[in-house]
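Just so it is clear: chains get the letters A, B, ... in the order the sequence lines come, proteins before strands, and each one is counted from 1. Given the structure is predicted, the values throughout are model-derived calculations rather than measurements.
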Number of protein chains: 2
Amino acid sequence: MVTLKQLAEQLNVSVSTVSKALNNSEEISKDTIQRVKELAKHLNYQPNRMALSLKSNKTKTFGVIIPNVLNHFFAKALYAIEKEASRQGFSIITCVSNELLEKEEQSLQVLSNGSVDGFIMSIAEETQVKNSTDHISLILDQDIPIVLFDRVADLSCDKVIIDDFGASYEATKHLLSEGRKHIVLISDIEELSVGKLRTNGYLKALEENIDYKQPPIVIHVNKDNDVEASIENLFMSNPKVDGILSIDNTSGVVALHKALKKGFKVPEDLSIIGFSDENVLVFTDPKLSTISQHTMDIGKATVELLIDRLNKKNTTTHVTKTIKTNLILRGTTK
Amino acid sequence: MVTLKQLAEQLNVSVSTVSKALNNSEEISKDTIQRVKELAKHLNYQPNRMALSLKSNKTKTFGVIIPNVLNHFFAKALYAIEKEASRQGFSIITCVSNELLEKEEQSLQVLSNGSVDGFIMSIAEETQVKNSTDHISLILDQDIPIVLFDRVADLSCDKVIIDDFGASYEATKHLLSEGRKHIVLISDIEELSVGKLRTNGYLKALEENIDYKQPPIVIHVNKDNDVEASIENLFMSNPKVDGILSIDNTSGVVALHKALKKGFKVPEDLSIIGFSDENVLVFTDPKLSTISQHTMDIGKATVELLIDRLNKKNTTTHVTKTIKTNLILRGTTK
DNA sequence: TTGAAAGCGCTAACAG
DNA sequence: CTGTTAGCGCTTTCAA
């Protein structure tokens with residue numbers, strides 16, 4: 001590592017002169033500035049980030065805590081966050097909570113010792129189930145800002161969400177407008193805040209439609225169990241199903257495959273709508289219609305909010321930004 | 001942030017006493033140690049990471065540079081790296097090169113100023129195509145260790161790879177053993193080191209088989225163009241195809257869908273083998289047979305290698321670790 | 001058994 | 001225009 005001291009020695013000036021020169025201080029002569037900069041460039045001098053942080057009490061780094069990178073939604077959010085953060089000169093330290101409360105607590109703890117200027121996070125499933133958010137409040141109390149996204153909690157901090165209720169409400173209305181009479185909702189995220197909201201949107205849409213006589217059917221599939229079996233079972237016990245709304249990221253694809261295998265004509269006999277950003281899910285045939293979450297916008301918004309917050313730490317009002325969704329009709333809807 | 005100074009003031013002792021007490025120094029009386037620790041716990045004291053780093057010249061942080069988080073292989077590798085690193089008390093700063101040389105250079109540059117103790121990276125496509133690795137050598141010259149994985153380059157540093165050649169050689173041999181006579185290779189990664197190796201494995205297997213009369217057929221699909229069209233086209237121009245080896249992460253799924261749609265019976269008429277770890281790709285029906293990359297092992301190995309390197313910086317010999325692959329036969333092979 | 005002082009690399013008063 | 005000094009939070013001699 002090249003340090004200011006080394007530059008100073010080589011140039012026979014003081015460390016502070018070098019420092020000022022590199023920062024284009026008015027105090028330093030043009031000539032000196034040039035000499036300093038030349039040598040710095042020549043030796044590939046890089047200011048030591050740790051020293052800078054220690055001095056300024058700023059790290060130019062965010063902690064990003066996500067439940068699961070293998071979920072395409074979070075992978076894309078991470079991508080968006082990294083992209084925007086790096087554009088704005090910030091680095092990100094990534095932690096994966098693996099849906100576990102303890103890992104989430106740990107990550108927050110480990111990074112809250114001056115490692116990061118703030119956090120961007122989406123809450124682990126266990127945390128939501130247990131509704132245990134003390135570890136998050138603890139950070140907030142220390143005046144370290146947090147921006148929550150997607151899976152949020154009732155805390156006073158900035159948030160970025162989508163209109164989960166509205167999105168599945170609209171999707172359900174679309175299925176109704178196709179004249180569907182047996183619309184089933186499939187979910188592997190019933191425990192999550194977003195899962196509940198999305199389910200409610202579906203229920204509301206059915207309820208409001210006076211022509212719709214059937215009781216709502218909600219199938220809870222379980223990531224750990226056999227998703228495929230549950231879905232096959234759905235077709236057995238509900239042979240008249242003609243509409244499926246999958247509110248998690250993957251079950252829509254499985255439903256499509258199973259439906260085709262059972263001999264359903266999609267979308268003639270059966271419409272399917274999934275929930276996700278455009279991604280590998282559209283590698284189906286016909287292509288899955290989805291509610292698009294605009295994940296890049298979500299990620300970008302979290303970074304913007306966090307940087308805003310850093311720039312005016314005092315304010316006590318917090319903002320919740322809602323990113324629009326789109327119903328994208330592809331091949332699995334009429 | 002609570003600091004040693006604050007603890008010292010409250011306890012009416014010196015900062016150094018507090019420091020030693022927290023580090024269980026023999027020099028300090030049991031009594032003092034206890035008092036110090038109690039207060040530290042009570043105030044939730046956390047040693048400032050930046051100060052520690054500055055002092056020790058160690059960051060307990062790795063820089064991880066991957067080409068693309070949306071690729072399931074890299075997402076999983078990142079997951080494995082984060083998991084093992086965190087288990088060993090390290091944090092990771094994640095950068096996504098987005099397959100771009102410039103972003104890769106930038107990331108290395110930005111983090112090589114004392115931000116990390118070392119790097120774990122997989123090389124961007126552009127970097128491999130241009131075969132431009134000066135930016136990597138520059139870091140190595142500064143004695144900052146780098147562990148390359150999957151997409152490696154001819155540099156003296158530690159590496160973790162799979163036996164790409166052998167894996168597709170074996171897979172091709174399997175297809176031959178099924179009696180397949182028209183085996184096509186599909187790739188969207190022809191530019192990459194691993195793509196070339198995998199292609200060579202396929203070619204070698206065909207060449208060695210004296211009963212196999214057909215010339216090899218290699219289809220280069222292009223991520224930016226219409227993968228689906230290229231594959232449909234393959235079935236048009238090669239109606240006799242009865243074996244497909246897809247050496248990238250996704251085209252196998254597309255091939256399966258298209259084949260089924262064309263009326264091929266899989267695996268009776270046509271066998272398909274994809275290349276990837278178990279993942280969403282098995283959400284097909286029949287399930288895709290794949291060459292499994294054991295991505296968790298790959299990620300774990302990179303961390304182990306890097307930590308080893310940190311512990312004995314002097315050695316000049318570098319190790320290349322090859323992680324075994326497995327051919328996993330599921331529903332798309334006989 | 002405790003404390004004072006130096007120093008990691010940097011910036012910013014303040015002095016010259 | 002340049003240098004001296006102090007200090008960010010911590011560890012570590014060395015001295016008391």
Side-chain angles (χ1 to χ4, degrees), chain A residues 1-37 39-40 43-61 89 110-117 142-144, chain B residues 1-37 39-40 43-61 89 110-117 142-144:
Chain A
M1 272 233 56
V2 185
T3 65
L4 288 189
K5 195 173 171 184
Q6 292 171 36
L7 297 183
E9 277 164 6
Q10 287 211 31
L11 293 167
N12 272 316
V13 294
S14 75
V15 171
S16 58
T17 301
V18 177
S19 169
K20 288 172 187 162
L22 289 173
N23 292 304
N24 294 310
S25 164
E26 302 276 297
E27 297 177 8
I28 308 295
S29 71
K30 298 248 177 292
D31 179 58
T32 309
I33 290 188
Q34 178 162 7
R35 282 172 53 229
V36 169
K37 287 196 168 178
L39 184 62
L43 297 182
N44 190 29
Y45 165 78
Q46 299 293 341
N48 181 303
R49 171 189 232 161
M50 298 302 159
L52 248 23
S53 292
L54 190 56
K55 192 89 188 92
S56 67
N57 217 9
K58 295 198 174 80
T59 62
K60 291 292 243 170
T61 305
V110 167
L111 296 182
S112 63
N113 58 357
S115 297
V116 301
D117 293 340
Q142 294 169 58
D143 261 322
I144 302 178
Chain B
M1 274 232 59
V2 185
T3 65
L4 288 189
K5 196 174 171 184
Q6 293 170 36
L7 298 182
E9 276 166 7
Q10 288 211 30
L11 294 166
N12 272 318
V13 294
S14 75
V15 170
S16 54
T17 301
V18 176
S19 169
K20 287 171 187 164
L22 289 172
N23 292 304
N24 294 313
S25 165
E26 303 275 297
E27 297 178 9
I28 307 295
S29 69
K30 297 247 178 289
D31 179 58
T32 309
I33 291 189
Q34 179 162 5
R35 283 172 54 229
V36 169
K37 286 196 169 177
L39 185 63
L43 297 182
N44 190 29
Y45 166 78
Q46 299 294 338
N48 181 303
R49 171 188 231 159
M50 298 302 157
L52 247 25
S53 293
L54 190 56
K55 193 88 186 100
S56 67
N57 218 10
K58 293 197 175 81
T59 63
K60 292 291 242 172
T61 305
V110 167
L111 297 182
S112 63
N113 58 357
S115 298
V116 300
D117 292 340
Q142 294 169 56
D143 261 321
I144 302 177

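Residue contacts for A:Asn23: at a heavy-atom cut-off of 4.0 Å it reaches the sugar-phosphate backbone alone, with no base atom in range. Contacts of A:Val13 with the nucleic acid, taken as non-hydrogen atoms under 4.0 Å apart, involve only primed sugar atoms and P, OP1 or OP2.
Here the C1' atom of nucleotide D:dG7 and the NZ atom of B:Lys5 are 8 Å apart, to the nearest Å. Atoms NZ (A:Lys55) and C1' (C:dG9) sit 10 Å apart, rounded to a whole Å. For B:Arg49 and D:dC10, the CZ to P distance is 14 Å, given to the nearest whole Å. Distance A:Leu7 CG to D:dT2 C1': 16 Å, rounded to the nearest Å. What separates CD of B:Glu26 from C1' of C:dT2 is a distance of 15 Å, to the nearest Å. Going from atom CG of A:Asp31 over to atom P of D:dT2 covers 8 Å, rounded to whole Å. Here the C1' atom of nucleotide C:dG9 and the CG atom of B:Leu52 are 15 Å apart, to the nearest Å. Rounded to an integer number of Å, the gap from A:Ile28 CD1 to D:dG3 C1' is 9 Å.
Mapping B:Arg35 and B:Leu54 onto DNA chain C by nearest heavy atom places B:Arg35 closer to the 5' end of the strand. Each of A:Asn12 and B:Val2 was assigned the nucleotide of DNA chain D with the nearest heavy atom; the assignment lying further toward the 5' end belongs to A:Asn12. Nearest-nucleotide positions on DNA chain D for A:Ser56 and A:Val15 put A:Val15 closer to the 5' end.
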message = Run B:Thr59 and A:Arg49 through side-chain contact (heavy atoms from CB on, under 4.5 Å) and show every step you take.
response = CA-CA 11 Å; B:Thr59 63; A:Arg49 171 189 232 161; over 6 Å; no
task = Could you walk me through whether A:Thr17 and A:Ser14 pass the side chain to side chain donor-acceptor pair (under 3.5 Å) test, one step at a time?
result = CA-CA 5 Å; A:Thr17 301; A:Ser14 75; 2.9 Å; yes
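Minimum atom distance to the side chain of A:Thr3 is reached by C:dC10, of the listed C:dT2, C:dC10, C:dA12. Side-chain proximity of B:Ser29 to C:dT1, D:dC1, C:dC10: nearest is C:dT1. Comparing D:dT4, C:dG3, C:dG9 by their closest approach to the side chain of B:Ser14 singles out C:dG3. The side chain of B:Ser16 has C:dG3 as its nearest neighbour among C:dG3, D:dT4, D:dG9. Among the nucleotides C:dG3, C:dC10, D:dG9, the one closest to any side-chain atom of B:Glu27 is C:dG3. For A:Lys20, taking side-chain heavy atoms from C-beta onward, the closest of the listed nucleotides D:dG9, D:dG3, C:dG9 is D:dG3. For B:Ser19, counting side-chain heavy atoms from C-beta on, the closest listed nucleotide (D:dT11, D:dC10, D:dC8) is D:dT11. Comparing C:dT1, C:dA12, D:dG9 by their nearest atom to the side chain of B:Thr32 picks out C:dT1.
Checked options A:Val18, A:Thr32, A:Asn24; the residue passing with A:Lys37 is A:Asn24 (criterion: side-chain contact (heavy atoms from CB on, under 4.5 Å)). Remark: of the listed residues A:Leu52, A:Leu4, A:Asn23, A:Leu52 is the sole one forming a side-chain contact (heavy atoms from CB on, under 4.5 Å) with A:Pro47.
Contact detail for A:Lys60 and A:Asp117: the closest heavy-atom pair is N-OD2, 2.8 Å.
Looking only at side-chain heavy atoms (C-beta outward), B:Leu43 and B:Gln10 come within less than 4.5 Å of each other.
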